[in-house]
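Report on the following structure.
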Amino acid sequence: MTFEDNYRQAKDLTGIDVVAKPDLVSEPHTGLLVACAYWDARKINATADRDDVVAVCRLVQGGTGGLAEQRAYLAKLKKVLGV
């Protein structure tokens with residue numbers, strides 16, 4: 001995560017004080033909770049369900065940097081999950 005506003009939003013969404021203790025976000029459990037709260041708050045699931053990688057990238061990071069990598073990760077994940 002970057003920028004203090006994102007840490008404040010994560011604290012508001014999860015109740016975990018990642019503003020006072022930003023290193024908590026690097027712990028797997030807290031990091032996953034923060035990521036899921038962010039995903040849910042931005043209502044990204046419906047877009048992801050449509051496999052709209054461009055729109056998901058924009059919702060998550062505000063742009064489409066790393067788009068090729070994101071497409072590759074999606075393809076790999078689908079293979080692993082058998083979908």
query = When clusters are formed by joining ILVMFWY residues with side-chain heavy atoms under 4.5 Å apart, either directly or through shared neighbours, do Leu33 and Val19 land in the same one?
reply = yes
request  = Could you tell me whether the side chain of Asn6 and the main chain of Thr2 form a donor-acceptor pair under 3.5 Å?
outcome  = yes
request  = Using salt bridge (Lys or Arg N to Asp or Glu O under 4.0 Å) as the criterion, list what pairs up with Lys78, not counting sequence neighbours.
outcome  = Asp51
request  = May I ask you to list the residues sharing a hydrophobic cluster with Leu74, side-chain cutoff 4.5 Å, ordered by chain and number?
outcome  = Val53, Val54, Leu67
message = My understanding is that only residues two or more places apart in sequence, or in another chain, count here; which of them pass side-chain contact (heavy atoms from CB on, under 4.5 Å) with Ala48?
response = Trp39, Val56
note = Value for SG (Cys57) from CG (Asp52), rounded to nearest 0.5 Å, stands at 9.5 Å
query = Any link between Tyr38 and Val25 through a network of hydrophobic side chains (Ile, Leu, Val, Met, Phe, Trp, Tyr) touching at under 4.5 Å?
reply = no
query = To the nearest 0.5 Å, how far apart are CD in Gln9 and CG in Leu13?
reply = 5.0 Å
task = Could you grab the distance from atom NZ of Lys21 to atom OG1 of Thr30, nearest 0.5 Å is fine?
result = 10.5 Å
message = For a quick test of reading the model, state the closest non-hydrogen atom pair linking Asp17 to Lys11 and the distance between them.
response = OD1-CD, 3.5 Å
ask   = Can you name the nearest heavy-atom pair linking Tyr7 to Phe3, along with the distance?
value = CD1-O, 3.3 Å
Side-chain (Glu27) to main-chain (Gly31) donor-acceptor, under 3.5 angstrom = no
Interatomic distance, Ile44 atom CD1 to Leu59 atom CG [nearest 0.5 angstrom] = 5.0 Å
task = Please confirm whether the backbone N or O of Asp23 pairs with a side-chain atom of Ser26, one donor and one acceptor, at under 3.5 Å?
result = yes
